[in-house]
Amino acid sequence: MAAPLTLLLIVAVTIRAALYRSSLADLISERVEVVSPLTAWKRVVEGLALLDLGVSPYSGDVFHETPLIIYFFHFLVDYAEITFMLADVITAVALYMTVKDYNKQVFRKQKYALEADRYPLDCLELIRSPKEMYYIPLKVAMFYLLNPFTILSCVAKSTCGLNNAVIALFILSTIKGNVLLSAVFLSLATYQSIYPLTLCAAALLYLMQRQYIPVNYRRASFWWFIAQYAFMYLGSLFVIVCLSFFLLGSWDYLPSVYGFILSVPDLTPNIGLFWYFFAEMFEHFRLFFLCVFQINVFFYTIPLSIKLKEHPVFLIFMQLAVISIFKSYPTVGDIALYLAFLPVWSHLHRFLRNIFLVSCVLLACSALFPVLWHLWIYAGSANSNFYYAITLLFNVAQILLVSDYFYAFLRREHHLTYGLYLKRKDGSEATLVLK
Amino acid sequence: MGLLSDPNRRRALISLLTRLNAPICVVCYMAGVAWFMGLAFEPFTLRTYMSENAMGSTMVEERFPAGERALATGREFSAHKKKVGGMPVDWLVKTMQARGLEVFTQRFSRTLPFPDENKERYLVKGTNVYGILRAPRAPRTEALVLSAPCTPGDNNNQAVGLLLGLAQYFRNQVYWAKDIIFLVNEHDLIGMQAWLEGYHHTNTTGMDWSPLQGRGGSIQAALSLELSSDVITSLDLVLEGLNGQLPNLDLANLFYAFCQKIGVLCTIQGKLQRNDWDSVSGYSHSVQTMMLMVMKQASGRPWGDHGLFLRYHIEAATIKGINSFRQYKSDTTTIGRLLEGMYRKLNNLLERLHQSYFFYLMPSLSHFVSIGYYMPVIDYILLLICALDLWVQLATPPPRTEDGVADTEQMSSPGVLSVLTPLVISHLTGVEVAVEHFPVSETEAVVLTAIAIYTAGLALPHNTHRLLSGEGTEQGWKVLKLVAVLYLAVLLGCTALINFSLGFILALTLVPVAAFVTPHVPKILSAFILVILSPACTLLFSVFFFQELQEMPVSFIDGWMLFLSVISQGILDHSLYGSLVYPLIALLVYPCWLLFWNILFWK
């Protein structure tokens with residue numbers, strides 16, 4: 001499997017290198033869909049310039065990336081293109097290894113369940129075969145590397161690619177069962193953009209499942225494990241935050257990065273839901289709705305982790321999707337990360353209901369973004385409502401996509417417990433209805 | 001969501017759509033066309049009205065007295081033009097300075113990619129002369145532009161004369177709150193392009209021009225004047241700009257309001273307005289007017305010198321004086337008063353024109369169809385959705401005993417490769433057509449090369465087929481068709497948003513193709529139909545239709561020559577002004593059509 005992966009990596013890097021050399025690169029790096037005020041390369045360059053002048057990079061209210069990123073690029077600014085390509089490659093390889101490992105576990109679990117005769121007889125067609133699972137890791141890497149969204153994001157040198165790499169490494173170390181690394185990468189991801197904090201529930205569930213610790217809040221071992229993980233997580237977060245402080249010599253970056261993420265002062269249009277809403281709102285409601293919108297991102301963790309207690313990897317997927325839909329400055333790079341997981345759930349295809357409709361809508365919206373932007377900003381004949389309408393549609397389609405996968409996953413689990421062909425009490429065929 | 005989440009209802013809906021697919025397609029198509037034809041029917045359209053409050057009531061007194069003197073200046077200009085054999089720069093500078101303007105010149109030069117045969121130019125060198133009348137009453141942050149092109153021959157001298165006359169008259173008025181820029185541009189659009197790029201410090205087309213020495217504020221509106229006779233019978237308003245962009249409807253309203261007030265006959269598309277909308281001839285008259293607008297807009301080229309202003313958010317229109325055999329004539333003083341009135345109204349603007357519509361069609365100057373009314377015409381893209389549903393059904397074979405709980409294993413995936421190959425090849429052909437730098441420099445050669453590559457593209461399916469490793473399967477062409485139909489739907493949707501007319505004309509011809517093509521229809525006949533409905537043939541028909549609408553029918557040979565020149569103009573417009581129609585057709589529409597061609601010859 002190494003050969004196809006290498007080939008894939010070469011193709012992906014070639015595409016990116018070619019695009020860097022073309023005139024499209026400048027155009028792409030200006031697109032609001034691809035870069036946000038947080039991740040724009042232009043702003044990183046500005047921050048670097050300020051840093052070189054001995055001024056705090058946060059003094060101009062342009063730069064909003066974390067101190068680690070700016071010191072990272074302080075050394076690597078000449079190799080930025082290679083860095084971003086490398087970040088994509090790391091993400092893809094990490095996802096590849098993750099999925100390979102995960103599939104092995106899924107298969108093992110399925111074998112045990114089969115041996116224990118835990119599946120109803122008519123469910124045999126739901127059982128996954130090694131043959132169909134063989135290419136899934138490669139497909140995942142392909143979905144990430146060849147996804148136009150990832151390519152755009154990489155060519156625009158959006159730092160979102162680095163965040164994705166960190167998150168992918170976190171997922172990898174979690175799946176491999178390395179508690180310390182998992183906590184470290186999670187804290188790094190949190191440090192980069194707060195929202196990955198919600199992934200800790202999934203990580204905890206997974207690690208506990210792996211170490212056979214029952215999820216039961218009356219048990220001491222449960223709390224002990226949580227305390228351990230929290231200690232490692234908070235400890236590394238503390239180290240990183242202090243490191244940033246010592247690098248920078250001031251706490252400037254806290255309001256400038258996290259305050260910026262949480263209070264959403266920059267209302268540049270993007271593919272998210274915040275900008276239009278907060279641009280239209282009366283000022284005295286702002287705080288209230290800010291809380292509502294931000295809690296929205298974190299809130300889904302609770303019901304999802306309760307429902308998906310047994311399936312932490314699917315929970316990670318759901319969380320990533322929720323974050324990328326509801327975060328304050330989303331870009332297409334965030335979407336690309338969770339889209340990469342879709343091949344992992346290819347066995348759910350038969351239960352998906354709206355996949356065709358949703359993918360058509362996503363496709364059409366992606367094409368309409370630049371068109372309506374052109375009409376609004378350049379031609380001046382359309383206005384922000386046109387653009388926001390498409391943003392809204394795009395997000396609704398994403399939500400439908402995710403909920404469709406959620407429904408399909410739960411339904412498959414249901415069938416695995418109760419049998420595929422459900423009967424009503426009177427013996428007629430029953431159908432499942434989601435109400 | 002009940003409809004979508006309840007499996008029983010879903011199944012019913014989907015089976016209904018699949019069963020009635022063909023009728024729904026036909027009905028959608030018919031409904032779209034019928035709706036479009038209905039748009040020209042006066043009771044269905046809205047009367048134009050002024051939305052901008054600052055220009056609301058016509059409380060301006062026009063006093064421009066100096067029509068005769070303007071004509072005299074025009075004659076003087078003409079004499080100097082003849083003497084110099086081009087633009088009399090020195091004379092213009094002197095005359096403008098004498099009228100109290102700040103005068104500047106701008107030189108520009110441009111080499112066309114290949115000779116333009118319509119206007120007989122290749123190496124273009126010229127000078128723009130413009131004078132700025134500084135606003136006495138405001139901080140000079142905004143400006144208005146009045147331009148008149150300096151054309152070779154005897155054309156347009158009166159326009160320059162009137163421009164200078166107005167400059168003199170405006171200079172003596174105290175109420176100007178915006179700078180007024182009087183611009184005489186050489187080589188029509190090329191000069192205009194150079195001037196606009198210089199004014200806005202951009203260089204999008206790689207033209208050489210000397211930087212502007214003087215500037216006014218940000219330009220709010222512009223009018224371009226074309227006047228070639230001392231008296232006129234009517235004024236024609238030209239709105240269509242680059243890429244089918246239109247100025248705010250309020251500009252047209254303003255023009256119409258002043259024509260009504262001053263009593264000048266006004267036309268749009270050269271067609272007078274008629275009052276007998278309920279008669280057949282009245283209706284066909286407004287259909288013709290609207291169709292002319294659609295054709296002009298679809299061509300994506302600027303139909304007057306104002307066309308390039310629109311790119312910079314400047315509302316602009318061209319006003320053409322027309323002298324026909326009608327009895328009733330208006331003299332230059334009247335036109336001067338009309339322009340004075342319009343400029344005084346524009347002078348009152350507090351912000352850019354934005355209140356009224358930007359997307360509209362005009363069946364007559366007093367009526368318009370807004371985007372909300374004409375967009376449903378594109379409903380036959382919906383037909384594609386219908387078609388899609390059919391394909392989904394075909395892609396997942398019928399034994400769906402229970403909502404989703406059925407065997408889907410038997411669906412052999414047709415392989416990405418078999419779909420990707422035609423897609424890539426079609427696009428490569430498109431790129432071939434679109435490459436601007438053909439190794440030839442003659443107009444005919446360029447056009448014929450484009451056509452040759454275009455035709456060569458038709459030979460592709462056989463090649464594509466050999467490239468495919470395996471046999472083209474039944475699944476294969478269905479997936480290809482699915483991709484092609486989706487592609488077409490997105491493409492037409494986006495095109496219709498930017499340039500409705502172009503989207504409409506393309507949809508009119510491509511949608512039937514998309515709907516009927518399968519490998520199982522009679523080959524020869526459908527190949528013929530497909531070629532007839534291909535983008536190039538659509539263009540050919542459009543040329544004839546346009547001539548017909550303008551009441552200047554042409555013979556086939558002339559039409560063919562016209563067709564060739566239209567293609568060369570399209571390429572020139574693209575490289576000179578950045579018009580998007582040619583690359584759109586070559587890079588996206590034509591490859592999309594090739595996909596359908598491919599499906600027809602799928603084996």
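- No more than 12 heavy atoms of other residues, nucleotides or ligands lie within 6.0 Å of OH in B:Tyr373, so this atom counts as exposed by the packing criterion.
- Heavy-atom distances place the side chain of A:Leu372, and not its backbone, under 4.5 Å from chain B.
- With sequence neighbours excluded, the residues satisfying side-chain contact (heavy atoms from CB on, under 4.5 Å) with A:Ala367 are B:Val490, B:Cys494.
- Separating the CD1 atom in B:Ile498 from the OH atom in A:Tyr378 is a distance of 12.5 Å, to the nearest 0.5 Å.
- At a 4.5 Å heavy-atom cutoff, A:Ile355 makes no contact with chain B through either its backbone or its side chain.
- Residues that satisfy the salt bridge (charged side-chain N to carboxylate O under 4.0 Å, His left out) test with A:Lys42, not counting sequence neighbours, are A:Glu30.
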